S.K.: 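One structure coming up, written as structure tokens, with questions to follow.
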Amino acid sequence: MSDFLFPHSPLNDDDTLIAVYAKQRRTLDDLPYTDEFEAIYTAMYGPDGVHDEHQTRDAVFHRLHNLRKAGKLPRLGRAKSPPPRVTPAQEARLTELIEGEVGQLGKRDQLLYRPAFDTIVDAFNTETGLSLSPHDLWRIVAKLAK
């Protein structure tokens, strides 16, 4: 994200982002597609957000991810709940769907808050007969990547 597009972008304010993240008490892997993530988004951008909500949500998560890699995010313990259980065959199919979009499971974070992830959720649910939310499916993806 360019400072030219958002000269006063809160994404440049890591201290605020870290504080808002810590307040939510939800681990980064458990955060996407939750009310707590939306609270972070709203705290950083206000209730109306900005023009491209997919890119902005993706940018907020990406910044949090980079802060975690840099060791700047507080450790919040375990996720609030375990990921839903699926069969090994369903896990394999989910991995195929992800790799079909981004090439490898290690690049999974590129999918968050983008239409490609919505496509994966829809395809997985249709093929398996399940009705997992984007959050629940993301929890399985995070587990598979560990």
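For clarity, every value in this text was computed on a predicted model and none was experimentally measured. Here, residue 1 is the first one in the sequence, and each next residue gets the next number.
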S.K.: State, to 0.1 Å, how close Leu132 and Val121 come at their nearest heavy-atom pair, and which atoms those are.
M.R.: O-CG1, 3.8 Å
S.K.: Does Pro32 offer a backbone N or O that forms a donor-acceptor pair with the side chain of His135 under 3.5 Å?
M.R.: yes
S.K.: Judged by modelled atom types alone, do His62 and Asp58 share a side-chain donor-acceptor pair under 3.5 Å?
M.R.: no
S.K.: Side-chain contact test, heavy atoms from C-beta onward, threshold under 4.5 Å: evaluate it for Leu76 versus Tyr21 and give yes or no.
M.R.: yes
S.K.: Taking Gln90 for the side chain and Thr87 for the main chain, is one N or O donor matched with an acceptor at less than 3.5 Å?
M.R.: yes
S.K.: Just verifying a value: how many Å separate Glu91 CD and Arg85 CZ, rounded to the nearest 0.5 Å?
M.R.: 11.0 Å
S.K.: Would you please name every residue forming a side-chain contact (heavy atoms from CB on, under 4.5 Å) with Glu36, sequence neighbours left out?
M.R.: Gln24, Arg26, Leu31, Thr34, Lys80
S.K.: If you take all heavy atoms of Ile140 and Pro84, which pair is closest and at what distance?
M.R.: CG1-O, 3.6 Å
S.K.: Is a salt bridge present between Asp29 and Lys143, judged by a nitrogen-to-oxygen distance below 4.0 Å?
M.R.: no
S.K.: Let's go through Leu97 and Arg93 carefully: what are the C-alpha distance in whole Å and the side-chain angles of both, what is the deciding distance for side chain to side chain contact (heavy atoms under 4.5 Å, CB included) to 0.1 Å, and is it a yes or a no?
M.R.: CA-CA 6 Å; Leu97 289 168; Arg93 181 59 185 137; 3.3 Å; yes
S.K.: Applying side chain to side chain contact (heavy atoms under 4.5 Å, CB included), run through Arg57 and Glu38 and close with a yes or a no.
M.R.: CA-CA 9 Å; Arg57 282 174 172 78; Glu38 291 304 313; 2.7 Å; yes
S.K.: Would a 4.5 Å heavy-atom cut-off, applied to side chains only, mark Val60 and Leu17 as touching?
M.R.: yes
S.K.: Quick check on ring-ring contact (aromatic ring centres under 6.0 Å, His included): which of Phe37, Phe61, Tyr41 does Tyr113 satisfy it with?
M.R.: Phe37
S.K.: Is the Phe117 ring parallel, tilted or perpendicular to the Tyr33 ring (thresholds 30°, 60°)?
M.R.: parallel
S.K.: Can you find a heavy atom in the side chain of Ile120 that is under 4.5 Å from one in the side chain of Leu94?
M.R.: yes
S.K.: Can any side-chain N or O of Arg139 pair as donor or acceptor with the backbone N or O of Ser81 at less than 3.5 Å?
M.R.: yes
S.K.: Going by side-chain contact (heavy atoms from CB on, under 4.5 Å), name the residues that satisfy it together with Ser131, two or more places apart in sequence or in a different chain.
M.R.: none
S.K.: Give the minimum heavy-atom separation between Val20 and Ala39, together with the two atoms involved.
M.R.: CG1-O, 4.4 Å
S.K.: What distance separates Thr27 OG1 from Arg68 CZ, expressed to the nearest 0.5 Å?
M.R.: 8.0 Å
